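Note that the coordinates shown come from a computational prediction; the quantities given were computed from them, not determined experimentally. Atoms within a ligand are numbered from 1 in the order they appear, just like the ligands themselves.
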Amino acid sequence: MTGGRPAHLAAGAGRPAPAADGRLLFGGDYNPEQWDASVWREDVALMREAGVTTVTLGVFSWAFVEVDDDVWEWDWFDEVVGLLHDRGIGIDLATPTAAPPTWLHRAHPEIIPVDRRGIRYHPGGRLGWCASHPTWHEYSTRIARRLGERYGDHPAVRMWHVGNELGGGNRLCFCDVSSDAFRAWTRERYGTIEALNRAWGTAVWGLRYRSFDDVIAPLASESGQNPSMLLAFDRFSSDEHLAQFRRERDALRAAGVATPITTNLMLDVGGSVADYAGWVDDLDVVAIDHYTKAADPHRERELAFVASRARGLDRRRPWLVMEQSISAVNWQRRNAPKVAGEAIRHSVQYIAHGSDGALFFQWRASASGVEQYHSGLVPHAGTRTQQWREVVRLGGILNRIGEVAGSLVEPSSVAIVADIPAKWAWEEGQKPLHDYPIEAAGRRWHEALSARGLVPDVVAPSADLARYGLIVVPGLYAVDDSFADAIRDAAAAGATVVIGHLSGIVDEENRIRTGGYPGAFREVLGVFGEEFAPLLEGDESLLASGAVAVDWTERLRAVDAEVVDAYASGPLSGLPAVTRRRVGEGEAWYVSADIRDEFDDLVERVVAASGVTPRVPVVARVEAVRRVGEERSWLFLINHGETDAVVPAIGFELVAGAEVSGSLALPAGGVAVVRES
Ligand code: GAL
């Protein structure tokens, strides 16, 4: 039974949901080439035991199917596909382009990326290719086409997975071919060299281009480099990887593939390899990889932020968590395992936020190679383990809540705006404050609003803001005029907009909007920022309300705005820190300092001003999110706390299979999904 897609959100949908058969996807990356054929049989039996529905196959298989240039060995792959199919396990088939074979690197070392210093990398890792290189285009589309021809209509193949984390290790390449492609890209974007000179402000340090022939990839120079050029190169590199996605996708389609095609995006608070908002229309389903950080004591909150961001990329369709880890990873400083129950909570949390499944990297933990210490659903120690019991339990839970597949998270009245190019703009070039994590403010807003039961969407600046009553714009450093207009219009139409510090400072080319900070929003906010006043490490600035700012303050004047909070100490004493202004039917607030202590009080005031109210029960440490289908809705409840909780709910709880009439007892660490009546 499938929940279906609510009619009011159906516009523009029409592409198949990943879990079209009404089952949530459960499983993960399967790398059979690492194991003897005897292990494959055990694998499929264990997959059945755990209730696995889907595996991502072939991510690293290239060298084993194309064993030499145009020499193919398909038998073993056919056998694996057949084994999975016989057991009813669906396949998300990957083009193996994350792992170019050694024969290709030996024949064509020129496809390997070149670093900023102009030095070419060497074979031996993964993603050893330059996205602009024609030789790479030829080989990568050939393998995609061959796979498409062979398995395009295989009934087990439900979805296709182009490459793996495009740009994840090879985002920037500085080879001559890339330089040429960048030059062509700039010509296309700017039209004339004068326009490029203006956009990049090349008069500074006399970096004046006479013609497009002067433009090269920003290879390392002896000093700092132009931040507009660096941002342009980030955008170019993102476009090259999108072009690579399209190339492989088109090869699959040309070979007759009719099932959904996607790729796994690296969406993370810190990760930003591409401008994914511009990729969404090319993907049949948004799929993300997400790994929590063991050292983060509130990693479930970061997860909620990232999941809200995945959902915000495309509100019309469910998305998919394509990779997470069942326990430890191998690439953090200290790779602590997940605690008992954590992988279940996290999986249900992604689904609560709109994922149509829970997939993992990887099925069986590797014994060798780079990832030998990365957890897998089948651990090194085998199945007589707590972890395996948890995997089987998770499979059971996902099976019992499968009816939610296809439904969407209830529309939210709160949006937080985030943008990858805006983050690049902040990170590229020299700044008033270095190594300052500009997206952290977004996460703090998300946490505080979530704790009030508001389930915010995290959306790109291009999103339709009309439906939101509260719109928060935290640390959105670079914005174009159309976004500034959209914010003004949203406020005029009745929304409460909150502009956070370091938002709207530069335009889309990384040029400062002069005439008073924050240039893009100065008028709507009714303020005039004279000077930035970043704080030295360890310094704090006390505000009249008792709130405390760290890292960032500004010398601000309220021109046509009410002062909500002012500095009570230091050189800015008496000057405004937080302002508010009536705009048409709505309001525009400016939070010009990085407020940490008593941040919640500020959030409370903003929420009260906006009039938005929660649509889910609000119980301390219990995350509540509703998914809505055509005829019914489901309330997801996740108790992240260490004490048992009681939550108001009425309906049928699917995890335990019990009626709920009024309130539900949710043990510490427990999860519940109530089909509401
Ligand atoms: C991902 C990648 C996987 C695996 C995983 C380990 O970034 O897509 O192939 O390496 O990390 O955490």
Review point. Residues in ring-ring contact (aromatic ring centres under 6.0 Å, His included) with Trp424, at least two apart?
Key: none
Revision key, fill the gap. Taking every heavy atom of Trp103 against every heavy atom of Val67, the minimum-distance pair comes out as CD1-O, 3.2 Å
Revision key, fill the gap. side-chain contact (heavy atoms from CB on, under 4.5 Å) filter on Ala294, not counting sequence neighbours, yields Gln332, Ala336
Point to revise | Asp43 and Trp35 side chains, donor-acceptor separation under 3.5 Å | key: no
Practice item. Examine the side chains of Ser375 and Gln387 and answer whether a donor and an acceptor come within less than 3.5 Å of each other. Key: no
Exercise for review: Taking ring-ring contact (aromatic ring centres under 6.0 Å, His included) as the test, write out the residues that go with His161, two or more places apart.
Suggested key: none
Practice item. Below 4.0 Å from any atom of ligand 1, which residues have a heavy atom? Give them in chain and number order, please. Key: Phe60, Arg126, Asn164, Glu165, Asp289, Tyr291, Glu323, Trp331, Phe361, Glu371, His374
